[in-house]
Amino acid sequence: NGGGINIYDPESETFEYILRDESKDDPNQLIDNYCTIACEDHTGVFWIGTFRGLCAYDKTLNRFTYYSLQNGNLPNNIVFYLKADSKGKIWVGTQNGLACIQADRDQVKMYSTLEGLPNSLILGIEEDQNDNIWLVTNHGLSMYNPIDDSFTNYTTSDGLYTNEFK
């Protein structure tokens, strides 16, 4: 609803509000007040998906880092899903593909139908016990195998009831 981020402190039973102030040209603020999803990684950094890209917010340093189509770090600015995996990577599902941000945050790898995804709309991401990454797309499920950097896709022809999931 454009309300930014609300962080609840259970000790004080209060909320902290983080909003983007459009009147300020401050690069150290939320990238967009329309937040779609958030997750926390193993280092305590909060990752916030928006309609204008992705922010990594380090609360201890009070610093935001932006990932977007414009800076070449996302395949699309509309972020639908985030997943911090067991290896410290951040998986970003967008309207036009998948991005994997390495644990050191210095490298981003992007995936699309050219790399084997059945569809570029990524609506969900989960990791299994074998470190495979499962993706919900707009055309079935896809399993990414990090060992050989490959996708295995599953559709109704493989027994799925439907190719579209919500």
Side-chain angles (χ1 to χ4, degrees), residues 1-112 117 119-138 141-142 144 146 164-166:
N1 70 359
I5 302 171
N6 304 299
I7 301 173
Y8 180 70
D9 182 348
E11 288 184 20
S12 66
E13 296 183 351
T14 60
F15 283 92
E16 175 186 356
Y17 304 101
I18 300 175
L19 291 165
R20 177 175 183 79
D21 185 345
E22 296 289 348
S23 68
K24 294 181 181 175
D25 188 25
D26 181 1
N28 193 41
Q29 63 175 336
L30 193 59
I31 197 169
D32 188 12
N33 285 328
Y34 289 90
C35 302
T36 55
I37 191 163
C39 75
E40 185 177 6
D41 71 16
H42 70 284
T43 66
V45 170
F46 288 98
W47 295 82
I48 304 113
T50 75
F51 288 127
R52 290 186 189 168
L54 176 68
C55 300
Y57 176 56
D58 187 328
K59 188 172 182 176
T60 59
L61 300 174
N62 191 33
R63 182 176 24 209
F64 286 91
T65 304
Y66 297 159
Y67 297 81
S68 69
L69 177 66
Q70 288 75 11
N71 66 21
N73 288 319
L74 287 182
N76 186 276
N77 283 338
I78 299 175
V79 177
F80 287 123
Y81 210 87
L82 295 172
K83 177 69 177 178
D85 76 10
S86 62
K87 306 290 187 205
K89 297 175 183 175
I90 302 297
W91 295 87
V92 186
T94 75
Q95 185 175 358
N96 194 32
L98 177 71
C100 177
I101 301 170
Q102 301 302 313
D104 61 11
R105 297 192 214 150
D106 286 338
Q107 293 181 330
V108 179
K109 184 165 184 180
M110 290 185 250
Y111 301 92
S112 70
L117 284 171
N119 184 277
S120 291
L121 180 60
I122 310 297
L123 300 169
I125 305 170
E126 289 298 329
E127 180 181 24
D128 69 20
Q129 68 275 11
N130 297 318
D131 300 328
N132 295 309
I133 302 297
W134 287 86
L135 307 164
V136 176
T137 76
N138 206 32
L141 296 175
S142 186
Y144 172 73
E164 294 185 25
F165 298 88
K166 294 183 180 182

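Sequential numbering from 1 along the given sequence is applied to the chain's residues. Keep in mind it's a predicted model, so treat the numbers as computed, not measured.
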What's the verdict on side chain to side chain contact (heavy atoms under 4.5 Å, CB included) for Val92 and Val108, showing C-alpha distance, side-chain angles and the deciding distance?
CA-CA 10 Å; Val92 186; Val108 179; over 6 Å; no

Under the criterion side chain to side chain contact (heavy atoms under 4.5 Å, CB included), I'd like the reasoning laid out for Asp85 against Asp131: C-alpha separation, chi angles, the key distance, then a yes or no.
CA-CA 8 Å; Asp85 76 10; Asp131 300 328; over 6 Å; no

Test log, rule side chain to side chain donor-acceptor pair (under 3.5 Å), inputs Thr94 and Asn96
CA-CA 5 Å; Thr94 75; Asn96 194 32; over 6 Å; no

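Residue Asp25 qualifies as open at atom CG: its count of foreign heavy atoms under 6.0 Å is 12 or below. Counting non-hydrogen atoms of other residues, nucleotides and ligands closer than 6.0 Å to CZ of Phe80 gives a total above 12. Annotation: Glu22, atom CD; neighbour count of heavy atoms from other residues, nucleotides and ligands within 6.0 Å is above 12.
Of all heavy-atom pairs spanning Tyr81 and Glu126, the tightest one is OH-OE2, 3.3 Å. Between Ala84 and Glu40, the shortest heavy-atom distance links the atoms CB-O, 4.0 Å. For the residue pair Ala38 and Leu82, the shortest heavy atom distance occurs at CA-CD1, 4.1 Å. Closest approach of Pro75 to Gly97, counting heavy atoms only: CG-C, 3.7 Å. The two atoms that bring Ala56 and Tyr67 nearest to each other are CB-CE1, 4.2 Å, heavy atoms only. Across all non-hydrogen atoms, the minimal contact from Ile5 to Cys35 is CG1-SG, 4.0 Å.
Put simply, the side chain of Asp58 gets close to the backbone of Leu61: a donor and an acceptor are under 3.5 Å apart. For Thr36 (side chain) and Gly49 (main-chain N/O), a donor-acceptor pair under 3.5 Å exists by modelled atom type. With hydrogens and angles ignored, the 3.5 Å screen pairs a side-chain donor or acceptor of Asn77 with a backbone N or O of Leu69. Here the side chain of Asn71 pairs a donor or acceptor atom with the backbone of Tyr66 at under 3.5 angstrom. Of the possible donor and acceptor atoms, one in the side chain of Asn28 sits under 3.5 Å from a partner among the backbone N and O of Asn62.
Within the 4.5 Å cutoff, the side chain of Asn132 has heavy atoms near those of the Pro146 side chain. Looking at heavy atoms from C-beta onward, Arg20 lies in side-chain contact with Arg52 at the 4.5 angstrom threshold. Inter-residue side-chain proximity for Ile90 and Val45 is flagged as unmet; no heavy-atom pair is nearer than 4.5 Å.
Note: Tyr57 and Phe64 have parallel aromatic rings, judged against thresholds of 30 and 60 degrees for the angle between ring planes. Between Trp91 and Tyr111, the two ring planes are parallel [angle under 30°; tilted spans 30° to 60°].
Between the CG atom in Leu121 and the CG atom in Leu135 there is a gap of 11.5 Å [rounded to 0.5 Å]. The distance from atom CD1 of Ile122 to atom NZ of Lys83, rounded to the nearest 0.5 Å, is 15.5 Å. Rounding to the nearest 0.5 Å places CZ of Phe51 at 11.0 Å from CG of Asn76. Going from atom CG of Leu54 over to atom CD1 of Ile78 covers 13.5 Å, rounded to the nearest 0.5 Å. Note that NZ of Lys87 is 12.5 Å distant from SG of Cys100, once rounded to the nearest 0.5 Å. Note that CE of Met110 is 9.5 Å distant from CD1 of Ile101, once rounded to the nearest 0.5 Å.
The pair Lys59-Glu16 meets the salt-bridge criterion, with a side-chain N (NZ, NE, NH1 or NH2) lying under 4.0 Å from an Asp/Glu carboxylate O.
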